[in-house]
Asks: 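Before anything else, here's the structure in question.
Here is how names work: the chains are called A, B, and so on, in the same order as the sequence lines, proteins then strands, and each is numbered from 1.
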2 protein chains.
Amino acid sequence: MSEQPAMTPAAERVLEVVEKLFYDNGIHAVGVDMIAAEAGVTKKTLYDRFGSKDAIVRLYLERRDARWREHVTAVVEQPGRFGPRRRVLLMFDALESWMAAENPRGCAFVNALAELPDPDHPARPAIASEKQWVLDYLRRLVRDTGARNPRKLAASLFMLFEGAAVAASVDVVPGAVAGARDAARQLLDAAL
Amino acid sequence: MSEQPAMTPAAERVLEVVEKLFYDNGIHAVGVDMIAAEAGVTKKTLYDRFGSKDAIVRLYLERRDARWREHVTAVVEQPGRFGPRRRVLLMFDALESWMAAENPRGCAFVNALAELPDPDHPARPAIASEKQWVLDYLRRLVRDTGARNPRKLAASLFMLFEGAAVAASVDVVPGAVAGARDAARQLLDAAL
DNA sequence: AGCGATGTATACTGACCGGTATAGCTACTA
DNA sequence: TAGTAGCTATACCGGTCAGTATACATCGCT
(Lines give C-alpha, C1' and ligand atoms only; values in the text may rest on other atoms or scores of the structure.)
Protein backbone atom coordinates (compact mmCIF):
# COMPACT_ATOMS: atom_id res chain seq x y z
CA MET A 1 0.00 0.00 0.00
CA SER A 2 1.17 3.49 1.01
CA GLU A 3 2.58 5.60 -1.80
CA GLN A 4 4.33 7.91 0.59
CA PRO A 5 7.53 9.08 -1.04
CA ALA A 6 6.02 11.87 -3.17
CA MET A 7 6.85 10.79 -6.68
CA THR A 8 8.52 13.22 -9.04
CA PRO A 9 6.59 14.14 -12.21
CA ALA A 10 8.68 11.78 -14.35
CA ALA A 11 8.22 8.93 -11.87
CA GLU A 12 4.49 9.58 -11.77
CA ARG A 13 4.33 9.36 -15.55
CA VAL A 14 6.18 6.04 -15.47
CA LEU A 15 3.71 4.56 -12.97
CA GLU A 16 0.81 5.80 -15.04
CA VAL A 17 1.89 4.19 -18.31
CA VAL A 18 3.07 1.06 -16.58
CA GLU A 19 -0.39 0.32 -15.26
CA LYS A 20 -1.77 -0.08 -18.76
CA LEU A 21 1.35 -1.68 -20.28
CA PHE A 22 1.75 -4.37 -17.63
CA TYR A 23 -1.93 -5.20 -17.39
CA ASP A 24 -2.57 -5.35 -21.12
CA ASN A 25 0.58 -7.14 -22.21
CA GLY A 26 1.84 -9.02 -19.20
CA ILE A 27 4.89 -8.14 -17.15
CA HIS A 28 7.61 -10.07 -18.96
CA ALA A 29 6.41 -8.81 -22.32
CA VAL A 30 7.10 -5.18 -21.38
CA GLY A 31 10.74 -4.11 -21.35
CA VAL A 32 12.21 -1.15 -19.55
CA ASP A 33 13.03 0.51 -22.87
CA MET A 34 9.36 0.39 -23.81
CA ILE A 35 8.34 1.79 -20.43
CA ALA A 36 10.81 4.66 -20.75
CA ALA A 37 9.76 5.46 -24.31
CA GLU A 38 6.04 5.33 -23.50
CA ALA A 39 6.46 7.57 -20.46
CA GLY A 40 8.67 10.03 -22.35
CA VAL A 41 11.48 9.46 -19.89
CA THR A 42 15.08 8.31 -20.24
CA LYS A 43 16.22 5.02 -18.78
CA LYS A 44 18.60 6.98 -16.59
CA THR A 45 15.71 8.75 -14.92
CA LEU A 46 13.80 5.52 -14.63
CA TYR A 47 16.65 3.81 -12.78
CA ASP A 48 17.40 6.92 -10.70
CA ARG A 49 13.80 6.87 -9.42
CA PHE A 50 13.08 3.17 -9.04
CA GLY A 51 16.37 1.27 -9.06
CA SER A 52 15.06 -1.81 -10.85
CA LYS A 53 12.23 -3.14 -12.98
CA ASP A 54 11.12 -5.37 -10.12
CA ALA A 55 10.56 -2.31 -7.94
CA ILE A 56 8.36 -0.83 -10.66
CA VAL A 57 6.39 -4.07 -10.83
CA ARG A 58 5.85 -3.91 -7.08
CA LEU A 59 4.62 -0.33 -7.25
CA TYR A 60 2.37 -1.18 -10.19
CA LEU A 61 0.59 -3.83 -8.12
CA GLU A 62 0.44 -1.74 -4.96
CA ARG A 63 -1.14 1.17 -6.77
CA ARG A 64 -3.62 -1.02 -8.59
CA ASP A 65 -4.53 -2.60 -5.27
CA ALA A 66 -5.11 0.84 -3.76
CA ARG A 67 -7.42 1.83 -6.65
CA TRP A 68 -9.29 -1.46 -6.37
CA ARG A 69 -9.88 -1.08 -2.64
CA GLU A 70 -11.13 2.43 -3.14
CA HIS A 71 -13.52 1.23 -5.79
CA VAL A 72 -14.87 -1.57 -3.61
CA THR A 73 -15.36 0.54 -0.51
CA ALA A 74 -16.96 3.32 -2.54
CA VAL A 75 -19.56 0.88 -3.86
CA VAL A 76 -20.15 -1.11 -0.68
CA GLU A 77 -20.12 1.77 1.78
CA GLN A 78 -22.41 4.06 -0.14
CA PRO A 79 -24.06 6.71 1.98
CA GLY A 80 -27.42 4.98 1.30
CA ARG A 81 -26.96 2.94 4.50
CA PHE A 82 -27.66 -0.49 3.12
CA GLY A 83 -28.11 -3.40 5.50
CA PRO A 84 -25.39 -5.98 6.07
CA ARG A 85 -26.89 -8.59 3.76
CA ARG A 86 -27.16 -6.08 0.97
CA ARG A 87 -23.58 -4.95 1.53
CA VAL A 88 -22.29 -8.46 0.92
CA LEU A 89 -24.04 -8.54 -2.42
CA LEU A 90 -22.73 -5.07 -3.26
CA MET A 91 -19.25 -6.61 -3.30
CA PHE A 92 -20.32 -8.42 -6.45
CA ASP A 93 -21.72 -5.23 -7.94
CA ALA A 94 -18.33 -3.65 -7.29
CA LEU A 95 -16.65 -6.54 -9.06
CA GLU A 96 -19.01 -6.27 -12.01
CA SER A 97 -18.30 -2.60 -12.68
CA TRP A 98 -14.59 -3.14 -12.09
CA MET A 99 -14.44 -6.00 -14.59
CA ALA A 100 -16.14 -3.93 -17.27
CA ALA A 101 -14.05 -0.83 -16.69
CA GLU A 102 -10.60 -2.07 -15.73
CA ASN A 103 -10.34 -5.83 -15.65
CA PRO A 104 -11.28 -7.42 -18.99
CA ARG A 105 -8.13 -9.57 -18.90
CA GLY A 106 -8.88 -10.98 -15.47
CA CYS A 107 -7.42 -10.28 -12.05
CA ALA A 108 -4.11 -8.44 -12.36
CA PHE A 109 -2.84 -10.15 -9.21
CA VAL A 110 -3.64 -13.65 -10.39
CA ASN A 111 -2.01 -12.78 -13.71
CA ALA A 112 1.07 -11.39 -11.99
CA LEU A 113 1.33 -14.51 -9.83
CA ALA A 114 1.39 -16.57 -13.02
CA GLU A 115 4.42 -14.62 -14.21
CA LEU A 116 6.29 -14.38 -10.90
CA PRO A 117 6.90 -17.90 -9.62
CA ASP A 118 9.75 -16.81 -7.35
CA PRO A 119 8.35 -16.65 -3.80
CA ASP A 120 10.97 -14.03 -2.93
CA HIS A 121 10.09 -11.62 -5.70
CA PRO A 122 9.59 -8.14 -4.21
CA ALA A 123 6.13 -7.91 -5.77
CA ARG A 124 4.81 -11.08 -4.13
CA PRO A 125 3.69 -9.39 -0.87
CA ALA A 126 1.49 -7.05 -2.91
CA ILE A 127 -0.24 -10.03 -4.50
CA ALA A 128 -0.82 -11.85 -1.22
CA SER A 129 -2.00 -8.63 0.40
CA GLU A 130 -4.69 -7.96 -2.19
CA LYS A 131 -6.17 -11.45 -1.86
CA GLN A 132 -6.01 -11.35 1.92
CA TRP A 133 -7.75 -7.99 1.98
CA VAL A 134 -10.65 -9.20 -0.17
CA LEU A 135 -11.07 -12.26 2.04
CA ASP A 136 -10.91 -10.19 5.23
CA TYR A 137 -13.34 -7.64 3.86
CA LEU A 138 -15.82 -10.39 2.98
CA ARG A 139 -15.39 -11.87 6.46
CA ARG A 140 -16.23 -8.56 8.07
CA LEU A 141 -19.30 -8.05 5.89
CA VAL A 142 -20.49 -11.61 6.49
CA ARG A 143 -19.97 -11.35 10.23
CA ASP A 144 -22.23 -8.27 10.29
CA THR A 145 -25.07 -10.30 8.80
CA GLY A 146 -25.04 -12.61 11.80
CA ALA A 147 -24.75 -15.64 9.55
CA ARG A 148 -23.78 -19.00 11.00
CA ASN A 149 -20.16 -20.03 10.40
CA PRO A 150 -19.09 -16.69 8.95
CA ARG A 151 -15.51 -17.70 8.18
CA LYS A 152 -16.64 -20.63 6.09
CA LEU A 153 -19.29 -18.63 4.28
CA ALA A 154 -16.80 -15.85 3.56
CA ALA A 155 -14.41 -18.41 2.09
CA SER A 156 -17.14 -19.69 -0.22
CA LEU A 157 -18.03 -16.17 -1.31
CA PHE A 158 -14.37 -15.46 -1.88
CA MET A 159 -14.13 -18.40 -4.25
CA LEU A 160 -17.28 -17.38 -6.10
CA PHE A 161 -15.71 -13.94 -6.35
CA GLU A 162 -12.41 -15.10 -7.79
CA GLY A 163 -14.13 -17.62 -10.02
CA ALA A 164 -16.41 -14.95 -11.42
CA ALA A 165 -13.37 -12.90 -12.42
CA VAL A 166 -11.88 -15.90 -14.20
CA ALA A 167 -15.17 -16.78 -15.89
CA ALA A 168 -15.69 -13.22 -17.07
CA SER A 169 -12.19 -12.93 -18.50
CA VAL A 170 -12.32 -16.29 -20.21
CA ASP A 171 -15.72 -15.38 -21.60
CA VAL A 172 -17.45 -18.76 -21.54
CA VAL A 173 -20.16 -17.84 -19.04
CA PRO A 174 -22.42 -14.96 -20.08
CA GLY A 175 -23.35 -12.73 -17.15
CA ALA A 176 -20.78 -14.42 -14.96
CA VAL A 177 -20.61 -11.88 -12.16
CA ALA A 178 -24.38 -11.51 -11.95
CA GLY A 179 -24.66 -15.29 -11.72
CA ALA A 180 -22.06 -15.37 -8.97
CA ARG A 181 -24.04 -12.75 -7.06
CA ASP A 182 -27.19 -14.88 -7.30
CA ALA A 183 -25.30 -17.89 -5.99
CA ALA A 184 -23.87 -15.74 -3.21
CA ARG A 185 -27.39 -14.67 -2.26
CA GLN A 186 -28.46 -18.28 -1.99
CA LEU A 187 -25.53 -19.22 0.23
CA LEU A 188 -26.10 -16.14 2.33
CA ASP A 189 -29.82 -16.71 2.84
CA ALA A 190 -29.22 -20.33 3.72
CA ALA A 191 -26.90 -19.26 6.53
CA LEU A 192 -29.17 -16.65 8.11
CA MET B 1 -6.76 -32.34 -28.11
CA SER B 2 -5.66 -35.14 -30.48
CA GLU B 3 -1.94 -35.84 -30.47
CA GLN B 4 -2.14 -37.68 -33.75
CA PRO B 5 1.10 -37.22 -35.62
CA ALA B 6 3.14 -39.87 -33.75
CA MET B 7 5.91 -37.84 -32.18
CA THR B 8 9.50 -38.88 -32.68
CA PRO B 9 11.47 -39.79 -29.55
CA ALA B 10 13.23 -36.43 -29.47
CA ALA B 11 9.95 -34.56 -29.92
CA GLU B 12 8.36 -36.61 -27.16
CA ARG B 13 11.22 -35.71 -24.83
CA VAL B 14 10.72 -32.02 -25.64
CA LEU B 15 7.02 -32.17 -24.79
CA GLU B 16 7.79 -33.98 -21.57
CA VAL B 17 10.28 -31.43 -20.23
CA VAL B 18 8.24 -28.51 -21.48
CA GLU B 19 5.29 -29.46 -19.32
CA LYS B 20 7.27 -28.92 -16.16
CA LEU B 21 9.31 -25.96 -17.41
CA PHE B 22 6.35 -23.94 -18.68
CA TYR B 23 4.12 -24.68 -15.72
CA ASP B 24 6.73 -24.01 -13.06
CA ASN B 25 8.37 -20.94 -14.56
CA GLY B 26 5.83 -19.40 -16.88
CA ILE B 27 5.97 -19.45 -20.66
CA HIS B 28 7.94 -16.28 -21.37
CA ALA B 29 10.53 -17.18 -18.77
CA VAL B 30 11.52 -20.36 -20.60
CA GLY B 31 13.62 -19.91 -23.74
CA VAL B 32 14.02 -22.38 -26.56
CA ASP B 33 17.68 -22.87 -25.65
CA MET B 34 16.66 -23.98 -22.18
CA ILE B 35 14.05 -26.34 -23.61
CA ALA B 36 16.57 -27.89 -26.00
CA ALA B 37 19.21 -28.28 -23.29
CA GLU B 38 16.77 -29.77 -20.78
CA ALA B 39 15.42 -32.24 -23.34
CA GLY B 40 18.90 -33.21 -24.53
CA VAL B 41 18.05 -32.11 -28.04
CA THR B 42 19.58 -29.61 -30.44
CA LYS B 43 17.68 -26.52 -31.48
CA LYS B 44 17.83 -27.79 -35.05
CA THR B 45 15.83 -30.86 -34.10
CA LEU B 46 13.45 -28.76 -32.06
CA TYR B 47 12.66 -26.50 -35.00
CA ASP B 48 12.56 -29.42 -37.44
CA ARG B 49 9.83 -31.04 -35.33
CA PHE B 50 7.76 -28.07 -34.18
CA GLY B 51 8.58 -25.09 -36.37
CA SER B 52 8.20 -22.48 -33.64
CA LYS B 53 8.05 -21.96 -29.90
CA ASP B 54 4.39 -20.97 -30.20
CA ALA B 55 3.59 -24.38 -31.65
CA ILE B 56 5.28 -26.01 -28.65
CA VAL B 57 3.23 -23.84 -26.31
CA ARG B 58 0.07 -24.97 -28.07
CA LEU B 59 1.01 -28.64 -27.75
CA TYR B 60 1.97 -28.11 -24.10
CA LEU B 61 -1.52 -26.87 -23.30
CA GLU B 62 -3.30 -29.46 -25.45
CA ARG B 63 -1.47 -32.31 -23.76
CA ARG B 64 -2.04 -30.92 -20.30
CA ASP B 65 -5.73 -30.54 -21.14
CA ALA B 66 -5.87 -34.18 -22.26
CA ARG B 67 -4.27 -35.36 -19.01
CA TRP B 68 -6.64 -33.21 -16.98
CA ARG B 69 -9.74 -34.54 -18.75
CA GLU B 70 -8.56 -38.10 -18.19
CA HIS B 71 -8.04 -37.37 -14.51
CA VAL B 72 -11.49 -35.84 -14.11
CA THR B 73 -13.36 -38.56 -15.94
CA ALA B 74 -11.42 -41.26 -14.09
CA VAL B 75 -12.54 -39.80 -10.76
CA VAL B 76 -16.12 -38.92 -11.70
CA GLU B 77 -16.93 -42.01 -13.74
CA GLN B 78 -15.58 -44.55 -11.31
CA PRO B 79 -17.02 -48.03 -11.77
CA GLY B 80 -18.72 -47.63 -8.38
CA ARG B 81 -21.84 -46.26 -10.15
CA PHE B 82 -22.42 -43.18 -8.07
CA GLY B 83 -25.63 -41.25 -8.46
CA PRO B 84 -25.81 -37.98 -10.41
CA ARG B 85 -25.71 -35.74 -7.34
CA ARG B 86 -22.64 -37.52 -6.04
CA ARG B 87 -20.95 -37.27 -9.44
CA VAL B 88 -21.24 -33.49 -9.39
CA LEU B 89 -19.44 -33.40 -6.07
CA LEU B 90 -16.81 -35.82 -7.34
CA MET B 91 -15.75 -33.08 -9.76
CA PHE B 92 -14.44 -31.20 -6.72
CA ASP B 93 -12.68 -34.30 -5.45
CA ALA B 94 -11.00 -34.55 -8.82
CA LEU B 95 -9.92 -30.93 -8.53
CA GLU B 96 -8.60 -31.47 -5.03
CA SER B 97 -6.30 -34.34 -6.00
CA TRP B 98 -5.24 -32.54 -9.16
CA MET B 99 -4.29 -29.40 -7.24
CA ALA B 100 -2.16 -31.36 -4.80
CA ALA B 101 -0.44 -33.45 -7.45
CA GLU B 102 -0.06 -31.19 -10.46
CA ASN B 103 -1.45 -27.73 -9.91
CA PRO B 104 0.14 -25.98 -6.93
CA ARG B 105 0.72 -22.86 -9.01
CA GLY B 106 -2.90 -22.59 -10.11
CA CYS B 107 -4.66 -23.36 -13.35
CA ALA B 108 -2.15 -23.68 -16.20
CA PHE B 109 -4.71 -22.30 -18.64
CA VAL B 110 -5.51 -19.22 -16.60
CA ASN B 111 -1.78 -18.67 -16.18
CA ALA B 112 -1.17 -19.10 -19.90
CA LEU B 113 -3.96 -16.64 -20.67
CA ALA B 114 -2.21 -14.10 -18.47
CA GLU B 115 0.91 -14.43 -20.60
CA LEU B 116 -0.74 -14.60 -24.02
CA PRO B 117 -2.85 -11.48 -24.49
CA ASP B 118 -2.88 -11.81 -28.27
CA PRO B 119 -6.30 -13.24 -29.23
CA ASP B 120 -4.76 -14.75 -32.37
CA HIS B 121 -2.02 -16.69 -30.59
CA PRO B 122 -2.08 -20.32 -31.78
CA ALA B 123 -2.37 -21.55 -28.20
CA ARG B 124 -5.54 -19.55 -27.41
CA PRO B 125 -7.98 -22.19 -28.75
CA ALA B 126 -6.49 -24.72 -26.33
CA ILE B 127 -7.21 -22.39 -23.43
CA ALA B 128 -10.78 -21.67 -24.46
CA SER B 129 -11.38 -25.35 -25.12
CA GLU B 130 -10.32 -26.45 -21.66
CA LYS B 131 -12.63 -23.97 -19.94
CA GLN B 132 -15.52 -24.79 -22.25
CA TRP B 133 -15.06 -28.50 -21.60
CA VAL B 134 -15.20 -28.08 -17.83
CA LEU B 135 -18.34 -25.95 -18.11
CA ASP B 136 -19.98 -28.41 -20.50
CA TYR B 137 -19.05 -31.36 -18.33
CA LEU B 138 -20.59 -29.67 -15.28
CA ARG B 139 -23.70 -28.89 -17.30
CA ARG B 140 -24.10 -32.55 -18.25
CA LEU B 141 -23.61 -33.72 -14.68
CA VAL B 142 -26.03 -31.14 -13.33
CA ARG B 143 -28.65 -31.94 -15.94
CA ASP B 144 -28.57 -35.59 -14.83
CA THR B 145 -29.50 -34.56 -11.31
CA GLY B 146 -32.77 -33.10 -12.55
CA ALA B 147 -32.02 -29.79 -10.86
CA ARG B 148 -34.00 -26.71 -11.73
CA ASN B 149 -32.25 -24.25 -14.05
CA PRO B 150 -29.28 -26.54 -14.77
CA ARG B 151 -27.38 -24.07 -16.95
CA LYS B 152 -27.40 -21.44 -14.25
CA LEU B 153 -26.44 -23.91 -11.54
CA ALA B 154 -23.62 -25.28 -13.69
CA ALA B 155 -22.32 -21.74 -14.20
CA SER B 156 -22.28 -21.17 -10.43
CA LEU B 157 -20.46 -24.45 -9.84
CA PHE B 158 -17.99 -23.54 -12.58
CA MET B 159 -17.16 -20.31 -10.79
CA LEU B 160 -16.76 -22.07 -7.45
CA PHE B 161 -14.50 -24.49 -9.28
CA GLU B 162 -12.25 -21.87 -10.84
CA GLY B 163 -12.27 -19.81 -7.67
CA ALA B 164 -11.20 -22.80 -5.61
CA ALA B 165 -8.18 -23.24 -7.88
CA VAL B 166 -7.24 -19.60 -7.42
CA ALA B 167 -7.77 -19.73 -3.66
CA ALA B 168 -5.71 -22.89 -3.31
CA SER B 169 -2.82 -21.50 -5.34
CA VAL B 170 -2.83 -18.17 -3.54
CA ASP B 171 -2.97 -20.00 -0.24
CA VAL B 172 -5.13 -17.67 1.80
CA VAL B 173 -8.04 -20.07 2.32
CA PRO B 174 -7.16 -23.31 4.10
CA GLY B 175 -9.03 -26.28 2.71
CA ALA B 176 -10.24 -24.22 -0.23
CA VAL B 177 -11.40 -27.02 -2.51
CA ALA B 178 -13.19 -28.86 0.28
CA GLY B 179 -14.97 -25.62 1.18
CA ALA B 180 -15.98 -25.12 -2.44
CA ARG B 181 -17.40 -28.64 -2.52
CA ASP B 182 -19.50 -27.90 0.57
CA ALA B 183 -20.84 -24.74 -1.04
CA ALA B 184 -21.52 -26.70 -4.24
CA ARG B 185 -23.52 -29.23 -2.21
CA GLN B 186 -25.64 -26.45 -0.75
CA LEU B 187 -26.39 -24.94 -4.14
CA LEU B 188 -27.13 -28.37 -5.56
CA ASP B 189 -29.50 -29.41 -2.79
CA ALA B 190 -31.33 -26.10 -2.99
CA ALA B 191 -32.05 -26.76 -6.66
CA LEU B 192 -33.34 -30.31 -6.33
C1' DA C 1 23.16 -49.70 -52.83
C1' DG C 2 21.05 -45.71 -52.01
C1' DC C 3 17.89 -42.49 -50.07
C1' DG C 4 15.28 -40.01 -46.76
C1' DA C 5 14.19 -39.26 -42.08
C1' DT C 6 16.08 -38.31 -37.62
C1' DG C 7 19.36 -36.86 -35.21
C1' DT C 8 24.05 -34.26 -33.38
C1' DA C 9 27.26 -30.30 -33.09
C1' DT C 10 28.47 -25.62 -33.70
C1' DA C 11 28.09 -21.21 -35.20
C1' DC C 12 25.58 -17.48 -36.48
C1' DT C 13 21.79 -13.46 -37.07
C1' DG C 14 19.47 -9.16 -35.51
C1' DA C 15 16.76 -7.80 -31.90
C1' DC C 16 15.94 -7.15 -27.35
C1' DC C 17 16.86 -7.98 -22.16
C1' DG C 18 17.92 -5.38 -17.58
C1' DG C 19 21.15 -2.25 -16.19
C1' DT C 20 25.20 1.18 -16.38
C1' DA C 21 28.26 5.27 -17.89
C1' DT C 22 29.24 9.85 -19.36
C1' DA C 23 28.05 14.44 -20.33
C1' DG C 24 25.22 18.37 -20.11
C1' DC C 25 21.02 21.15 -19.12
C1' DT C 26 17.65 23.72 -15.99
C1' DA C 27 15.54 25.24 -11.80
C1' DC C 28 15.31 25.65 -7.03
C1' DT C 29 17.53 26.58 -2.79
C1' DA C 30 21.07 27.17 1.09
C1' DT D 1 26.64 32.03 -6.08
C1' DA D 2 27.48 27.50 -5.60
C1' DG D 3 25.47 23.13 -5.08
C1' DT D 4 22.21 19.77 -5.93
C1' DA D 5 17.93 17.41 -7.50
C1' DG D 6 15.75 16.17 -11.55
C1' DC D 7 15.99 15.66 -15.90
C1' DT D 8 17.56 14.68 -21.32
C1' DA D 9 20.53 12.42 -24.68
C1' DT D 10 23.38 8.87 -26.23
C1' DA D 11 26.18 5.17 -26.01
C1' DC D 12 27.42 1.11 -24.07
C1' DC D 13 27.65 -3.73 -21.26
C1' DG D 14 27.16 -8.93 -21.32
C1' DG D 15 23.50 -11.93 -21.86
C1' DT D 16 19.51 -13.92 -23.83
C1' DC D 17 15.64 -13.91 -27.23
C1' DA D 18 13.55 -16.74 -31.31
C1' DG D 19 15.10 -18.56 -35.29
C1' DT D 20 18.51 -20.04 -39.18
C1' DA D 21 22.78 -22.16 -41.59
C1' DT D 22 26.16 -25.58 -42.44
C1' DA D 23 28.10 -29.93 -42.04
C1' DC D 24 28.01 -34.64 -40.65
C1' DA D 25 26.45 -39.19 -38.49
C1' DT D 26 23.09 -43.01 -38.07
C1' DC D 27 19.32 -45.58 -39.07
C1' DG D 28 15.47 -48.19 -41.54
C1' DC D 29 13.43 -49.14 -45.85
C1' DT D 30 12.96 -50.20 -50.66
Asks: Quickly work out the B:Leu46 CG to C:dA9 P distance and round it to whole Å.
Replies: 14 Å
Asks: B:Tyr47 has an atom OH; how far is it from atom P of C:dA5, in whole Å?
Replies: 22 Å
Asks: Round to the nearest Å and state the distance from B:Asn25 atom CG to D:dC17 atom P.
Replies: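 It is 12 Å, rounded to the nearest whole Å.
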Asks: Scan B:Gly40 against the nucleic acid and name what it touches under 4.0 Å (heavy atoms): base, sugar-phosphate only, or nothing.
Replies: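 B:Gly40: backbone/sugar contact only, no base atoms under 4.0 Å.
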Asks: Answer yes or no: does a side-chain N or O of B:Thr8 lie under 4.0 Å from OP1 or OP2 of C:dA5?
Replies: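 No, outside the criterion.
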Asks: Of the options D:dA18, D:dT8, C:dC17, whose atoms approach the side-chain atoms of B:Asp33 most closely?
Replies: D:dA18
Asks: Can you check the A:Phe50 CZ to D:dC7 P distance for me, whole Å?
Replies: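 Computing the A:Phe50:CZ to D:dC7:P distance gives 9 Å.
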Asks: Taking N and O atoms by type only, does the side chain of B:Lys53 place a donor or acceptor under 3.5 Å from a partner on the base of D:dG19?
Replies: no
Asks: Would you call A:Val170 and B:Glu162 a side-chain contact if the rule is heavy atoms closer than 4.5 Å?
Replies: no
Asks: Do B:Lys131 and B:Leu135 come close enough that some side-chain heavy atom pair is under 4.5 Å?
Replies: no
Asks: Please compare B:Pro9 and A:His28 by the position of their nearest nucleotide in DNA chain C and report the one closer to 5'.
Replies: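 With B:Pro9 and A:His28 compared, the 5'-side residue is B:Pro9.
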Asks: Is A:Arg105 paired with A:Asp24 through a side-chain N to carboxylate O contact shorter than 4.0 Å?
Replies: no
Asks: For C:dA5, does OP1 or OP2 lie under 4.0 Å from any side-chain N or O of B:Arg49?
Replies: no
Asks: Measuring only between side-chain heavy atoms, which start at C-beta, is A:Met7 closer than 4.5 Å to A:Leu59?
Replies: yes
Asks: Using the side-chain heavy atoms of A:Lys43, tell me which of these nucleotides is nearest: D:dA18, D:dT8, C:dG19.
Replies: C:dG19
Asks: What is the separation between atom CE on B:Met7 and atom C1' on C:dA5, rounded to the nearest whole Å?
Replies: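 Atom CE in B:Met7 sits about 16 Å away from atom C1' in C:dA5.
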Asks: Can you tell me if B:Thr45 touches the phosphate of C:dT8, counting only side-chain N or O atoms and a distance under 4.0 Å to OP1 or OP2?
Replies: yes
Asks: Measure from the side chain of A:Lys44, starting at C-beta and using heavy atoms only, and say which of C:dT8, C:dG18, C:dA23 lies closest.
Replies: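 The nucleotide sitting nearest to the side chain is C:dA23.
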Asks: Just how far, in rounded Å, is C1' of D:dC17 from CD1 of B:Ile27?
Replies: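 It is 16 Å, rounded to the nearest whole Å.
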Asks: Which of the following nucleotides, D:dA18, C:dG7, C:dG19, is nearest to the side chain of B:Val32?
Replies: D:dA18
Asks: Could you work out which one of C:dT8, D:dT8, D:dG19 sits closest to the side chain of A:Arg13?
Replies: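 The listed nucleotide nearest to A:Arg13's side chain is D:dT8.
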Asks: Salt-bridged, B:Arg64 to B:Glu102, with N to O below 4.0 Å?
Replies: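 Salt bridge between B:Arg64 and B:Glu102, a charged N being under 4.0 Å from a carboxylate O: no.
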